[in-house]
Amino acid sequence: MANVKEEILKKVKGWAGYVDAKLGFRNHWYPVAFGKDIDEGQPQKIKLLGEDLLVSRVNGKLFCIKDRCLHRGVSFSVKIESYTPETITCWYHGWTYRWEDGLLSDIITNPESIQIGKQRVKVYPVQEAKGCVFIFLGDIDPPPLVTDVPPTFLDDDMVICGQNKIVHSNWRLAAENGFDPAHIFIHKDSVLIKGNDLALPLGFAPKGDAKMRTRIVEDDEEQGAKGVFDLLAEASVPVFEGKIDGKVVRTGNFGHNRVANNISIWLPGVLRVQPFPDPATTQFEWYVPVDENSHYYFQTIGKRCASPAEEQVYMEEFNTKWRAMALDGFNNDDVWAREAMVGFYADDEGWLKEILFEADSAIVDWRKLCSKHNRGVQTQEHIKA
Ligand code: FES
Ligand SMILES: [Fe+2]
């Protein structure tokens, strides 16, 4: 642990591992792109947990190597050169590496070099699932993908559509906003509410035991994924009348469609909102650490489809309706909310100065879960290695 000052980490005993993880958790699977966007022989630059990477499709299969030549440390991506499908050649002195295992297999400028066959550039496992490209940013034998995705995401009949963008806030501010039960206040004027006739309160007044507000999933339940369910909707009275000084100043939304009554967040940073944005769909969204100041907002909406014809109809509906009305129209308010927290947490003091209230027990449980079950904290040493 070394990303945050020791005196700050000492004061956040319950979740020091999380506060230190400004670069994300190593040894987990992360989605970085959609498979349809990576064509054969067209390597793409990606930054993940601070590391510059190249992802390429070779004979249909995806591979990922660290975008840095072993010789003089330059990025291959400055000028991509590839003379066989299975290799990438550094533009500078012709060192040539295999996509599959990173082995330095040839050096064009000196075929007799003693370095040939002796050096290896770092490679990371890649897996395509549900049309999404997942990279295992780690060093251990990768556990199955199912341990790093929310339950139901990989179900056979679940059809996934989505989009990916870069947002300029730390990944944790994104995760906490997404899982924040009281943040729905920012969505009160969303186009989606009228557009899809949604019921949405302004907030929740908790009743009873604080322990009833969440359910923590660990110890090999649910195929090994670790997560927290937000149960506040059941353990509270929804607030539909916002009052100041006893007078109603704002009301919630009384649409007919009930959504988002099952919300959970999972390591390494993926939220499941069920159902959403429609009673027949589920939203799965990842907050993937790019570096300490930005993340990929990898948004997907899944719908169970019984046939290819249904699948076709859903994909059409996603493109004409849900992408604009939900992933942009609704979630763009989340994007500026995350960016608005950046200043307060930038020097790490926000983790000490924040003053939390009842609804935040969901966020606290998420922080503790992460601190307990992450597979490693990414550091600058990993990036330089
Ligand atoms: S820096 Fe890459 S071959 Fe010399
Ligand atoms: Fe939101």
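Order of listing sets the numbers, starting from 1, for every ligand and every atom in it.
- Closest to the Fe ion (ligand 2) among the N, O or S atoms of H183 is NE2.
- Close approach to C90 involves these atoms of ligand 1, each under 4.0 Å from a residue heavy atom: 1 (S), 2 (Fe), 3 (S).
- No more than 12 heavy atoms of other residues, nucleotides or ligands lie within 6.0 Å of CD1 in I114, so this atom counts as exposed by the packing criterion.
- Angle NE2(H187) to the Fe ion (ligand 2) to OD1(D334), rounded to 10°: 90°.
- Atom CZ of R272 sits about 12.5 Å away from atom CD1 of I265, to the nearest 0.5 Å.
- For atom 4 (Fe) of ligand 1, the closest non-hydrogen atom of the protein is H93 ND1, 2.0 Å.
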TODO: List the steps and the verdict of ring pair (Phe, Tyr, Trp, His ring centres under 6.0 Å) for W286 and F134.
DONE: CA-CA 11 Å; W286 277 257; F134 289 86; 5.8 Å; yes
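- Here is the list of ligand 1 atoms found below 4.0 Å of a heavy atom in C69: 1 (S), 2 (Fe), 3 (S).
- Counting the atoms of ligand 1 from 1 in the order shown, those under 4.0 Å from a heavy atom of V74 are 1 (S).
- More than 12 heavy atoms of other residues, nucleotides or ligands lie within 6.0 Å of CD in Q115, so this atom counts as buried by the packing criterion.
- Here the CG atom belonging to N253 is positioned 9.5 Å from the CG atom belonging to D197, to the nearest 0.5 angstrom.
- Short contacts between ligand 1 and W95, defined as distances under 4.0 Å to a heavy atom of the residue, involve ligand atoms 3 (S).
- Atom 4 (Fe) of ligand 1 is closest to atom ND1 of H71 (considering only N, O or S atoms).
- The aromatic ring centres of W266 and F229 sit less than 6.0 Å apart.
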